[in-house]
S.K.: 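Here it is, the structure in full.
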Amino acid sequence: MAERGALWLLSLLCLTFLHTQSSAAKHGDKGSSAQPFSPFWFTVEPQDTLAIRGNAALLNCSAHSDAATPARIEWKKDGTFMSLVSDERRRILPDGSLFFTHVVHSKHNKPDEGTYQCVATIDNLGSISSHTARLSVAGMPRFTSQPAPTSVHLGDSQVMACEINSDLVPFTRWEKDRQPLELSTRLVQLPSGALVISNASEADAGLYRCLVENVGSSKSSDEGQLQILPEVTINQKLEFLVQPGPVTKVVGTSVLLPCVVTGYPAPHVRWMFGDKLLEESEGRVEILGGGSLQIFNLTEEDAGTYTCVADNSNATIETQTQLTVQVPPRFVKRPENIYAHESMDIVFECEVSGSPAPTVKWVKNGDAVIPSDYFKIIKEHNLQVLGLVKSDEGFYQCLAENDAGNIQSSAQLIILDHDVALPSSPPPSLTPNTTDHVTPGFGGVASPAGPTPSAPRDVVASLVSTRFIKLTWRQPAEPHGDELTYSVFYSQEGTSRERVVNTSRPGEMQVTIQNLMPDSKYRFRVVAHNSNGQGESSAALKVATQAEVQVPGPAPNLQAVPNTPTSVFLSWDKPVTGNGEILTYKLYYTDKSVGNEQDVDTDSLSYTLTGLKKNTEYSFRVVANNKHGPGVSTDDIVVRTLSDVPSGPPQNLTLEVQNSKSILLRWQPPPLNSQNGEITGYKIRYRKGSRRSEAAETTGGTQLNKLIDGLERGTEYSFRVSAMTVNGTGPATEWITAETFESDLDESRVPDQPSSLHVRPLVNSIVVSWTPPENQDIVVRGYTIGYGLGSPHAQTIKVDYKQRYYTIENLDHSSHYVITLKAFNNVGEGIPVYESAITRPQSVPDPSPMMPPVGVQASVLSHDTIKVTWADNSLPKNQKITDNRYYTVRWKTNIPANTKVKMANTTSLSHMVIGLKPNTLYEFSVMVTKGRRTSTWSMTAQGTTFETIPSSAPKDVTVVSKENKPRTIIVNWQPPSEANGKITGYIIYYSTDVNAEVHDWVIEPVVGNRLTHQIQELTLDTTYYFKIQARNSKGMGPMSEAVHFRTPKSKSGVGSNSENHILVIVIIISVGAFTIIVVVVGAFLCTRRTTSHQKKKRAASKSSNGSHKYKGNSKDLKPPDLWIHHERLELKPMDKSPDPNPVMTETPIPRTSQDITPADSGLESNPHLQQRRNSYRGHESEDNMSTLAGRRGMRPKMMMPFDAQPPQQSVRNTPNSDPLPPATASSQASCPSEIMADLESSYHGSTTTEEEPSYSSNLPPHRSAHPHTHAHPLKSFAVPAIPPSSHPTYESPALPSTPLLAQTGPPTHPHVVKTASIGTLGRTRTPMAVTVNPVPLPQSYEPDELTEEMAHLEGLMKDLNAITTAP
């Protein structure tokens, strides 16, 4: 037992070891190599088949595969899988072919006819589909025309009719006298089934019939007897028995273009391809049956217009047809197999060609690929798959189809596991973006050699926009390596398909994800990679992109239908993404022949555009506009206006008399601008002599000549021609006359020598022109041109008798050629005429290419005009243009909605570009053109047009009440659509009367580009109307429409009222206490001031009586300049200030209270609104919180004298003739009163702030200085009293007098003006200007008196400082 147990244990260990090795080997194989691609394709695909009703039919299909299990073949009919399990009539053969035991087909039951496709499938691998094949069932033979008894002259041609179903023509044959008829070049069966007998002989007489065989049942037509008549000896008119019709063929096949002509003399038939004579070539081109053209092995170059021309000595006729050659699709580039990982983006490339252009569709595993957000068709035919998932594996096929056939090509997509590395060289069908993402860390390794990184930390969206998001993160806590790379996986909310973007370099910890959808939610996670492989994933981060600007999308279903030759009816649907109410639609239209785009506005979903050119192509597009501006433009659609009758006659009508009975007419089409459509033919009217009766003939649209025969000998005829379109006949040419010959032309001898021969040599060709022989009684059949180097017999060319010029091509330059010209007819060639010519030397091309203009400059002239100037280095130094060169200026703007480039031509070195948009950056470049030489575009110059006033009002104005503050409202708005510059401010107008004049509305200025503003202290239960006006550097724009808002009926909350009452009581008590203190101090200061003033008067009186120290007049003396500064409380010399405050102006205070009267005297009637009225003319107020009841103007800065004595010299400018009384003691000794007027009136000039005080410039003369102001208690310090209006001021009666505030410019008087800064409680006021007037001073000062005065003043300043700084 022990031994047996040991053996079992040993066996178990061996099995465990082998299993471990096997697993390791499998794991290593999995990581080191990718799954190979599986060969899978069709060896046989079904082909178009014509089946016979009741007979068997077979559609072949077979697929090849290296898979262990063979491919399973299924069939589709008309795109739907066929169920053949219980079908006894149809079954799939072992090789995959579809077999029909018998085809069923009747008038009302056609189960077998249709389009078939076989689908091959390998389980767990995928499916592929073949190209499609058409199974048609031959119908019952039905003759639409049958042979009829007829006759033909010897040597002439005849056609025996036999028309049957087009699909049965290949099964048709002819019998003569019940015997099979052998076809030849003389006996030809036409594509319609008819039989052509040309150059008839006696042996052709007999009974003819056509038969249809091998289509289930045979059927024969009626028999027709053909009789042979003797040869014709009299002239018979040329006419077509059969004419060719338009035909379409596939490249590589053959085509027969029928053309059978009868007439006498026997006509000569030739074919023209375009404008060149078509000659027979062995194996390719052959003329059968006397005139029918057969072309074998068609190529694309064979497509075009073919003309059958038949002529004899009497007439010429022709007919045209169009040959279209189709090319089946063929692959220029096939899709290739692709390896990829999940979340990657790939592109299958497929490039095809063919005629007509093939349509391409993609199929995955047999099912059509429907384009979506993740499956996109790019670059016309390529398939892009975004964010791969495992279920995307399989076979992808590119199917191309046109009218000539269809083809398919497949490629396999294999999605590898992340631990399997991609091939070292990525397949070329990977996108560049994806190729860059194939990093070593991302691909995986065979087996990890160490730990992988932990999850990245702190993943955040640092930047979120409408279509991109920037993510940043921190390094993992456990990186396990130095150079980490990162992959960001993301998916849109609601989808399981995840995409990936990788960082561009190791260590980078941010990435920007592009091409996202606006206003959508996305999930992001980040994974780090080190040398060992992919690490842990971070937690999912959800981020929503921003919504785009709400402009409309493109208007769908744009259609244009021409109504008349000059109008087009356009219609469209409302944009799917209108983003609000659509205001207008702008319809743009462009004349394709000119290129100038025009536009028209409409507010409906249709429009009839009139005044267009006839038969002209126009392109149209539509842009919807909402309140946010213009939206996305539709794609252009092109429509041609309807044709009309020609508005002009044919040109260059000429007549050529052919013989005694015929005249040949030649002409040119009407001018293009008067054709008004495709010319379908020409109508020829002619008459004999002066008769009024007319005859008429018509021709085809491209035929520009017509032979009129059957005329009388020696008779004058008049002709005129008019052009025709499908709409009718246009105007005719003038009548032109010609006279037929008296007798027919002679062909019993050769023609005479041509009357003239002219040659014009070029570099590699010679143009030869001539005139016919002078004796025109001899028939000329054509002309023979001979030419060669030194001899005219090297080359020979024959041309038609109608031709009058010919160009000899492919000659050597600078060579001497001899040319001969001879006329010929059926008798032979006439006498030649000789000429020689030397071809021109080879011209040397100009080695210097055109240089682009330099020094391009854009000079902005106005808001809509920019002048572009430049220099041309290819011109002389004086830049004078002497040749025919011209310059093209192009410009564009950076506005996304209008990216079209505009151009203009000029012949000067500058161009004025007008009609530009204001405040818009434009880019200009110039190129020069001289003849066929054109330069490249110059370097660009930029210019931004000037601003102009806004042309639209602010929009979306809304008014809301502020929460818990019923007397406060908030006004919101949006900038104007057409700002035409940077918005520097807004003005809010509001009033209780919407019909009030503008100047009666209350004004609230708003500085900068703020879009909200609060207004306080409004009246409750009152309707207010609001308007807003925008302002830029150029001025004010239009006002918005009035918006009304009604304030609530009552205030909310009782507690707030009680709190306000308490606050008011506290303020009143504080102000009262402060006022008492100030009055006491003021009384004390007045007493000290009066005593000091009396001492000065006594000293001055004593000095004036006895002192002789000063010579000259006392008015030359000035007191020292002092600066009173309330912060430092010291005296400073004014002239020593290094940087005087520029705001402190030297404006003296008025001498009377009348000079500072508030400006608006009409505010008394409604003080509630009057106190808030101001004007917005210059600077804006910085205060955004205002009240309706008491918006205060800032305290103005004033100049005031230190002494109350009258000045010795006045600065008034207006003469004053009234004598003034002498001074009184009361006026000199009165205590100073309040002189700081709180000017609460309109700010005419600028809005005043504490930092920038200003005066009113137009104060009325009779108004109380401060009827409702509150002067600060300390304002009267050291300031003399301003006498009331009843007390006159004392001035010199000899000098002129003018109020100082009305004065402009700097003062011209000798007064010295200083400023004083007066302190207030709790805050710093703006300095007050003080005027120091010259006063009579004593001749000398006592030192002790001056010292005493200085000491008093210093003590007074200290007391004042203590008061103002007290808490």
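Computed from heavy atoms alone, side chains included, the values below leave out hydrogens, waters and symmetry copies.
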S.K.: Do S910 and K867 have side-chain N/O donor and acceptor atoms under 3.5 Å apart?
M.R.: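 The criterion, which ignores hydrogens and geometry beyond distance, is not satisfied for K867 and S910.
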S.K.: Would you indicate whether the side-chain heavy atoms of P976 and I983 approach each other to under 4.5 Å?
M.R.: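 They are in side-chain contact.
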S.K.: Less than 4.5 Å apart, any side-chain heavy atom of I679 and any of P646?
M.R.: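 Side-chain contact under 4.5 Å: yes.
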S.K.: If you draw a 6.0 Å radius around CE in M939, do more than 12 non-hydrogen atoms from other residues or ligands fall strictly inside?
M.R.: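 Not more than 12 within 6.0 Å, no.
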S.K.: May I ask you to test the Y585-Y607 pair for a side-chain heavy-atom distance under 4.5 Å?
M.R.: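 Of all side-chain heavy-atom pairs linking Y607 with Y585, none is under 4.5 Å.
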S.K.: Using a distance-only test with no angle check, is there a side-chain donor-acceptor pair under 3.5 angstrom linking S355 and Q326?
M.R.: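 Judged by distance alone, the side chains do not pair up.
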S.K.: Say you draw a straight line from CG of L612 to CG of D591; how long is it, rounded to the nearest 0.5 Å?
M.R.: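 If I round to the nearest 0.5 Å, the distance is 8.5 Å.
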S.K.: State which residue, out of N905, T934, T906, fulfils the side chain to side chain donor-acceptor pair (under 3.5 Å) condition with T888.
M.R.: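 Testing T888 for a side chain to side chain donor-acceptor pair (under 3.5 Å) against N905, T934, T906 leaves exactly one candidate, N905.
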S.K.: Rounded to the nearest 0.5 Å, how far apart are CD of Q703 and OG1 of T319?
M.R.: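 Atom-to-atom, Q703:CD and T319:OG1 are 9.0 Å apart.
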S.K.: Stepwise, does the side chain to side chain contact (heavy atoms under 4.5 Å, CB included) test hold for C350 with L383?
M.R.: CA-CA 8 Å; C350 181; L383 174 65; over 6 Å; no
S.K.: Looking only at atom types and distance, does a side-chain atom of N727 sit under 3.5 Å from a main-chain N or O of S643, one as donor and one as acceptor?
M.R.: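 Yes: the side chain of N727 pairs with the backbone of S643.
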S.K.: Answer yes or no: is there a side-chain heavy-atom contact under 4.5 Å between N919 and T944?
M.R.: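 Yes, side chains in contact.
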S.K.: What's the spacing between T359 OG1 and D403 CG if we round to 0.5 Å?
M.R.: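 Interatomic distance, T359 OG1 to D403 CG, rounded to 0.5 Å: 9.0 Å.
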S.K.: Quick one, Y682 and L704 - any side-chain contact, counting heavy atoms below 4.5 Å?
M.R.: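 Yes. Closest side-chain heavy atoms under 4.5 Å.
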S.K.: Once you measure the plane-to-plane angle for W271 and Y306, does it fall in the parallel (<30°), tilted (30-60°) or perpendicular (>60°) bin?
M.R.: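 W271 and Y306: perpendicular rings.
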S.K.: Can you check whether K917's main-chain N or O pairs, donor with acceptor, with T945's side chain at less than 3.5 Å?
M.R.: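 A pair under 3.5 Å: yes.
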S.K.: Could you walk me through whether R890 and S925 satisfy the side chain to side chain donor-acceptor pair (under 3.5 Å) test, starting with their C-alpha distance in whole Å, then the side-chain angles of each, then the deciding distance to 0.1 Å, before giving a yes or no?
M.R.: CA-CA 6 Å; R890 74 174 181 183; S925 56; 2.9 Å; yes
S.K.: Determine whether the side chains of Q320 and T702 contain a donor N or O and an acceptor N or O closer than 3.5 Å.
M.R.: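 There is such a pair between these side chains.
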S.K.: Could you tell me if E978 and S952 have a donor-acceptor pair between their side chains, going purely by distance under 3.5 Å?
M.R.: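 Side chains of S952 and E978: no pair found under 3.5 Å.
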S.K.: Aromatic contact between W362 and F375, with the criterion being ring centroids under 6.0 Å apart: yes or no?
M.R.: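 Centroid distance W362-F375: not below 6.0 Å, so no.
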S.K.: Report yes if some heavy atom in the side chain of R720 is under 4.5 Å from a heavy atom in the side chain of E694; otherwise report no.
M.R.: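 Contact flag for R720/E694 side chains = yes.
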S.K.: Sub-3.5 Å donor-acceptor pair from the side chain of S938 to the main-chain atoms of P852, do we have one?
M.R.: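 A pair under 3.5 Å: no.
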S.K.: Does CG in N515 sit with more than 12 non-hydrogen atoms of other residues, nucleotides or ligands closer than 6.0 Å?
M.R.: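 Counting neighbours around CG of N515, 12 or fewer heavy atoms of other residues, nucleotides or ligands fall under 6.0 Å, so no.
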S.K.: Grab the two heavy atoms, one from P1038 and one from A953, that are nearest each other, plus how far apart they are.
M.R.: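 P1038 and A953 have their closest heavy atoms at O-CB, 3.4 Å.
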S.K.: Sub-3.5 Å donor-acceptor pair from the side chain of T253 to the main-chain atoms of V251, do we have one?
M.R.: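 A pair under 3.5 Å: no.
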S.K.: Is a donor on one side and an acceptor on the other found under 3.5 Å between the side chain of T545 and the backbone of M517?
M.R.: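 Side chain of T545 to backbone of M517: a pair is present.
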S.K.: Go through W891 and V889 one step at a time and tell me if the side chain to side chain contact (heavy atoms under 4.5 Å, CB included) criterion holds.
M.R.: CA-CA 7 Å; W891 63 93; V889 182; 4.1 Å; yes
S.K.: Can you confirm whether I914 is buried at CD1, in the sense that more than 12 heavy atoms of other residues, nucleotides or ligands lie under 6.0 Å from that atom?
M.R.: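 Not more than 12 within 6.0 Å, no.
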S.K.: Do T948 and N980 meet the criterion of a side-chain donor-acceptor pair at a distance under 3.5 Å?
M.R.: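 The criterion, which ignores hydrogens and geometry beyond distance, is not satisfied for N980 and T948.
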S.K.: I'd like to know if the side chain of T680 reaches the main chain of M724, judged simply by a donor and an acceptor atom lying under 3.5 Å from each other, with no hydrogens or angles considered.
M.R.: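 Judged by distance alone, yes, a pair lies under 3.5 Å.
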S.K.: Using the salt bridge (charged side-chain N to carboxylate O under 4.0 Å, His left out) criterion, which residues pair with E301? Sequence neighbours excluded.
M.R.: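 Scan of E301 (salt bridge (charged side-chain N to carboxylate O under 4.0 Å, His left out), adjacent residues dropped) gives none.
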S.K.: Would you say that E581 contacts N626 through its side chain, given a criterion of any heavy-atom pair below 4.5 Å between the two side chains?
M.R.: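 A side-chain contact under 4.5 Å is absent here.
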S.K.: Nearest 0.5 Å please: distance from the CG atom of D956 over to the CH2 atom of W973.
M.R.: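 Going from CG on D956 over to CH2 on W973, the span is 12.5 Å.
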S.K.: Residues in salt bridge (charged side-chain N to carboxylate O under 4.0 Å, His left out) with E923, at least two apart?
M.R.: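 Partners of E923 under the salt bridge (charged side-chain N to carboxylate O under 4.0 Å, His left out) test: none.
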S.K.: Which heavy atom in I317 sits nearest to a heavy atom in F240, and how many Å separate them?
M.R.: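 The answer is CD1-CE1, 3.6 Å.
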S.K.: Hey, mind stepping through Q408 and V363 against side chain to side chain contact (heavy atoms under 4.5 Å, CB included) and telling me if it holds?
M.R.: CA-CA 10 Å; Q408 62 84 23; V363 172; over 6 Å; no
S.K.: Count the heavy atoms of every other residue, nucleotide or ligand shown that sit under 6.0 Å from NZ of K586, and state whether that count exceeds 12.
M.R.: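 Atom NZ in K586 is packed in, count exceeds 12.
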S.K.: How far apart are the closest heavy atoms of N705 and T699, and which atoms are they?
M.R.: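 Result for this residue pair: O-CG2, 4.3 Å.
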S.K.: Taking T940 for the side chain and F924 for the main chain, is one N or O donor matched with an acceptor at less than 3.5 Å?
M.R.: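 Flag not set: sc T940 to bb F924 has no pair under 3.5 Å.
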S.K.: Verify, without hydrogens or angle tests, whether T865 (side chain) and S862 (backbone) share a donor-acceptor contact under 3.5 angstrom.
M.R.: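 Between the backbone of S862 and the side chain of T865 there is no qualifying donor-acceptor contact (under 3.5 Å).
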S.K.: Counting only heavy atoms not in K627, do more than 12 sit closer than 6.0 Å to its NZ atom?
M.R.: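 12 or below, so no.
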S.K.: Any side-chain heavy atom of C308 within less than 4.5 Å of one from Q243?
M.R.: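 Answer no - side chains too far apart.
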S.K.: OG1/T634 to CH2/W572 distance, rounded to the nearest 0.5 angstrom?
M.R.: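 Between atom OG1 of T634 and atom CH2 of W572 there are 9.5 Å.
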S.K.: Is a side-chain donor or acceptor of T725 paired with a backbone partner of D644 at a separation under 3.5 angstrom?
M.R.: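 Indeed, once roles are kept as given, a pair shorter than 3.5 Å links the two residues.
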S.K.: Given the rule in the side chain to side chain contact (heavy atoms under 4.5 Å, CB included) test, do Y686 and L665 qualify, once you have shown the distances and angles that lead to the verdict?
M.R.: CA-CA 11 Å; Y686 63 96; L665 288 77; over 6 Å; no
S.K.: Specify the closest pair of heavy atoms between P954 and S1040, including all atoms of both residues, with the distance to one decimal.
M.R.: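 Shortest heavy-atom contact: O-CB, 3.5 Å.
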S.K.: Kindly compute the distance separating CH2 (W870) from OG (S908), expressed to the nearest 0.5 Å.
M.R.: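 That separation rounds to 5.5 Å.
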S.K.: Which atoms form the tightest heavy-atom contact between E947 and H863, and what is the distance?
M.R.: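 Taking E947 first and H863 second, the nearest heavy atoms are O-CB, 4.1 Å.
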S.K.: If the threshold is 4.0 Å, N to carboxylate O, is there a salt bridge linking E597 and R621?
M.R.: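 Between R621 and E597 there is a salt bridge, with a charged N closer than 4.0 Å to a carboxylate O.
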S.K.: Which heavy atom in W735 sits nearest to a heavy atom in R685, and how many Å separate them?
M.R.: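 Nearest heavy atoms, W735 then R685: CZ3-O, 3.7 Å.
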S.K.: Given 3.5 Å as the limit, does a donor-acceptor pair link the side chain of N1032 with the main chain of A979, or not?
M.R.: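 Between the backbone of A979 and the side chain of N1032 there is a qualifying donor-acceptor contact (under 3.5 Å).
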